[in-house]
K.L.:
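Sharing a structure, written as structure tokens. Questions coming.
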Amino acid sequence: MADSIENFAEFIPGDTPADVDMGNEVMVEIDASGARADNGDHENGLPFQEEAMEDAPVRVTYIDYLRSPVIGLLVGQGDEQALLTAHQALLTSSPWFADACAKFSDEVSERRIDLIDEDLDAVGCFLEFLYTGDYFPRKLPGTRDLEKDPHTPDVDETGDQLLKHARVYTLAETLSLPTLKTLASSKIHCVNSTAKGEIAYARYVYAHTHKDDTAIRAPVANFWATRSHTLRTEAEDEFRQMCLEFPQFGYDVLSKLPITKMPDIYVNANESNSACFGREGQARKAGENASLFSAHTRQLSKACSRHLDPSWEDCLRWSLEPVSSAFREFAFLHICTTRATFACFIRGE
């Protein structure tokens, strides 16, 4: 053992005392100043930490929401009026409620916001959305169907199911909640309804949405423009009343009608004489008829768009003559968008 130590003695520098003692404890001293110099960039945090701890955003927990002040919401009027409650931290996710809650002072013991003009069920759906991220009935994953509600029929004959989601949509518009608007709009397209239900829904949409709304208002006009020939037989009176009550509805449907065929009254006005015209004469006659049809179409559209007194005699004649069904619809809708003096004709009086 001694020989082994002597053999390795030459590798130990003379000015360095041997710190290996078989009989004593080994003391290893670390230069703390050197360690601080090497880690000077991390003196405010842990090694390899890119940002200081105080710069990291504080996570808001669900408990934090529930600890926030409780706000009273007075919703509806009359027998339907109710006082609901919700936590302020959740309500302020809406810019509208954020402005309303900012008016409360710390000394106020009772905090209440009046929503007397809003629908109680719509506000309930809004609060359910705040706390859960959705509202009943929920969409079934991977389908265009909604959860079954045993208290509602499979087919919406009155429009109540459509109106439920439409009211949520307009409330979300007021509260500036685009996510809730998108959710309500998607559920509207999952409802199976009748013609009368669609008219009730269309009346609400045209009364409570902006003219440039593309989410639910534009689809209403497209729906009736493509299906009015079949649906109007189920709700003739309701359709006429809708056109009288909201002339813009008639114009929107009118502007989207698929008039793809020229009325027979223009194409075959004098079929017996067309043979004697020859090929050149037939072409000239067809061009004249096409120009006449285009002129009538422009005249109707111009009168509707400007709400001027149209040549309603022509409209009445066109709506009664045996022309193509598309053009009869075109003329009839134009009459619907004129002054109230023609209401007697629309009502069949």
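Note: hydrogens, waters and symmetry copies are ignored here, and every other heavy atom, side chains too, is used.
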K.L.:
Please name the pair of heavy atoms, one in His87 and one in Tyr65, separated by the smallest distance, quoted to 0.1 Å.
P.N.:
CB-O, 3.4 Å

K.L.:
So, do Tyr135 and Phe129 have ring centers that fall under 6.0 Å from each other?
P.N.:
no

K.L.:
Would Leu91 end up clustered with Val123 when hydrophobic side chains under 4.5 Å apart are linked, directly or stepwise?
P.N.:
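Both belong to a single hydrophobic cluster.
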
K.L.:
When clusters are formed by joining ILVMFWY residues with side-chain heavy atoms under 4.5 Å apart, either directly or through shared neighbours, do Leu84 and Tyr131 land in the same one?
P.N.:
yes

K.L.:
Report the C-alpha distance between Leu171 and Asp119 in whole Å, list the side-chain angles of each, state the deciding distance to 0.1 Å, and finish with yes or no for side chain to side chain contact (heavy atoms under 4.5 Å, CB included).
P.N.:
CA-CA 9 Å; Leu171 177 61; Asp119 180 75; over 6 Å; no

K.L.:
Mind running side chain to side chain donor-acceptor pair (under 3.5 Å) on Asp252 and Gln248 for me, showing each step along the way?
P.N.:
CA-CA 6 Å; Asp252 291 343; Gln248 186 63 42; 2.8 Å; yes

K.L.:
Might you confirm whether atom CD of Glu110 has over 12 heavy atoms from other residues, nucleotides or ligands at distances under 6.0 Å?
P.N.:
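No.
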
K.L.:
Are Val205 and Ile188 in one and the same hydrophobic cluster, where Ile, Leu, Val, Met, Phe, Trp and Tyr link if side-chain heavy atoms are under 4.5 Å apart?
P.N.:
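Result: yes, single cluster for both.
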
K.L.:
Can you find a pair of side-chain heavy atoms, one from Ser93 and one from Leu130, that are under 4.5 Å apart?
P.N.:
yes

K.L.:
Given 3.5 Å as the limit, does a donor-acceptor pair link the side chain of Arg217 with the main chain of Thr209, or not?
P.N.:
yes

K.L.:
List the atom of Ala100, the atom of Ile113, and the distance in Å for their closest heavy-atom pair.
P.N.:
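Residues Ala100 and Ile113, closest heavy atoms: CB-CD1, 3.8 Å.
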
K.L.:
Might you point out which heavy atoms bring Val220 and Ala202 nearest each other, and give the distance in Å?
P.N.:
CG1-CB, 3.6 Å

K.L.:
Taking NZ, NE, NH1 and NH2 as the nitrogens, is one of them in Lys196 or Glu234 under 4.0 Å from a carboxylate oxygen of the other?
P.N.:
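So Lys196 does not pair with Glu234 through a salt bridge.
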
K.L.:
Short question: side chain of Asp156, backbone of Asp160 - any donor-acceptor pair under 3.5 Å?
P.N.:
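Yes: the side chain of Asp156 pairs with the backbone of Asp160.
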
K.L.:
Are side-chain heavy atoms of Gln161 and Cys190 found at a separation under 4.5 Å?
P.N.:
no

K.L.:
Please round to the nearest 0.5 Å and tell me the distance separating atom CD of Glu236 and atom CD1 of Ile199.
P.N.:
10.0 Å

K.L.:
Would you say Thr170's side chain and Arg167's backbone share a donor-acceptor pair under 3.5 angstrom?
P.N.:
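Pair found, side chain donor or acceptor close to backbone of Arg167.
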
K.L.:
Look at the side chain of Ser185 and the backbone N and O of Lys181, then say whether any donor-acceptor pair between them is shorter than 3.5 Å.
P.N.:
no

K.L.:
Could you tell me if the side chain of Leu73 sits less than 4.5 Å from the side chain of Leu127, heavy atoms only?
P.N.:
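The answer is yes, as the side chains (C-beta and beyond) meet within the 4.5 Å cut-off.
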
K.L.:
What is the ring orientation for Trp224 with Phe239, classed by angle as parallel under 30°, tilted 30 to 60°, or perpendicular over 60°?
P.N.:
tilted

K.L.:
Does the pair Glu198 and Ser193 meet the rule for a side chain to side chain donor-acceptor pair (under 3.5 Å), with working shown?
P.N.:
CA-CA 7 Å; Glu198 292 288 345; Ser193 62; 2.5 Å; yes

K.L.:
Show the numbers, then the answer: is there a side chain to side chain contact (heavy atoms under 4.5 Å, CB included) between Tyr201 and Phe223?
P.N.:
CA-CA 12 Å; Tyr201 166 67; Phe223 178 85; over 6 Å; no

K.L.:
Can we say Asp134 and Lys187 salt-bridge, meaning some charged N sits less than 4.0 Å from an Asp/Glu carboxylate O?
P.N.:
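Answer for the salt bridge query: yes.
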
K.L.:
What closest approach, in Å, do Thr158 and Ala200 show between heavy atoms, and which atom pair accounts for it?
P.N.:
O-CB, 3.6 Å

K.L.:
Of all the heavy-atom pairs spanning Leu140 and Glu147, show the shortest one and how long it is.
P.N.:
CD2-CG, 4.1 Å

K.L.:
Looking at Asp213 and Lys211, is there a salt bridge between them, counting it only when a charged N and a carboxylate O are closer than 4.0 Å?
P.N.:
no

K.L.:
Please state whether the rings of His208 and Tyr204 are parallel, tilted or perpendicular, taking 30° and 60° as the class boundaries.
P.N.:
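Taking Tyr204 first and then His208, their aromatic rings lie parallel (interplane angle under 30°).
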
K.L.:
Got Met242 and Tyr206 here, is their nearest side-chain heavy-atom distance under 4.5 Å?
P.N.:
yes

K.L.:
Let me check something: do Leu175 and Phe104 share a hydrophobic cluster, defined by ILVMFWY side-chain heavy atoms less than 4.5 Å apart, either directly or through other members?
P.N.:
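Same cluster: Leu175 reaches Phe104 through Ile, Leu, Val, Met, Phe, Trp or Tyr contacts under 4.5 Å.
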
K.L.:
Hey, could you give me each pair passing side chain to side chain donor-acceptor pair (under 3.5 Å) that has a residue in residues 68-86? Not counting sequence neighbours.
P.N.:
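Sorted result for residues 68-86: Gln77-Asp117.
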
K.L.:
Against the six-membered ring of Phe246, is Arg203 placed for a cation-pi contact (under 6.0 Å from the centre, within 45° of the normal)?
P.N.:
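No.
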
K.L.:
Val70, Phe97: one ILVMFWY side-chain cluster at the under-4.5 Å cut-off?
P.N.:
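Result: no, two separate clusters.
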
K.L.:
Strictly below 4.0 Å, N to O, side chains only: are Arg138 and Glu128 in salt-bridge contact?
P.N.:
yes

K.L.:
Does Ser186 have any side-chain contact (heavy atoms from CB on, under 4.5 Å) partners at least two apart in sequence or in another chain, and if so, which?
P.N.:
Lys139, Leu183

K.L.:
Within the side chain of Asp114, is there an N or O that forms a donor-acceptor pair under 3.5 Å with the backbone of Ile116?
P.N.:
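No: the side chain of Asp114 does not pair with the backbone of Ile116.
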
K.L.:
Do Leu177 and Ser94 have side chains that get closer than 4.5 Å, going by heavy atoms?
P.N.:
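In short, these two side chains touch, coming nearer than 4.5 Å.
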
K.L.:
Applying the side chain to side chain contact (heavy atoms under 4.5 Å, CB included) criterion to Asn192, which one of Val155, Leu162, Asp154 satisfies it?
P.N.:
Val155

K.L.:
Where do Cys125 and Leu180 land on the side chain to side chain contact (heavy atoms under 4.5 Å, CB included) test, with the steps shown first?
P.N.:
CA-CA 10 Å; Cys125 293; Leu180 182 57; over 6 Å; no

K.L.:
Looking only at non-hydrogen atoms, find the nearest pair between Pro69 and Arg111 and report the distance.
P.N.:
CG-NH1, 4.0 Å

K.L.:
Could you check whether any side-chain heavy atom of Leu66 comes within less than 4.5 Å of a side-chain heavy atom of Asp64, counting everything from C-beta outward?
P.N.:
no

K.L.:
One pair to check against side chain to side chain contact (heavy atoms under 4.5 Å, CB included): Thr92 and Leu90. What are the steps and the verdict?
P.N.:
CA-CA 5 Å; Thr92 52; Leu90 285 171; over 6 Å; no

K.L.:
May I ask you to test the Leu74-Leu115 pair for a side-chain heavy-atom distance under 4.5 Å?
P.N.:
no

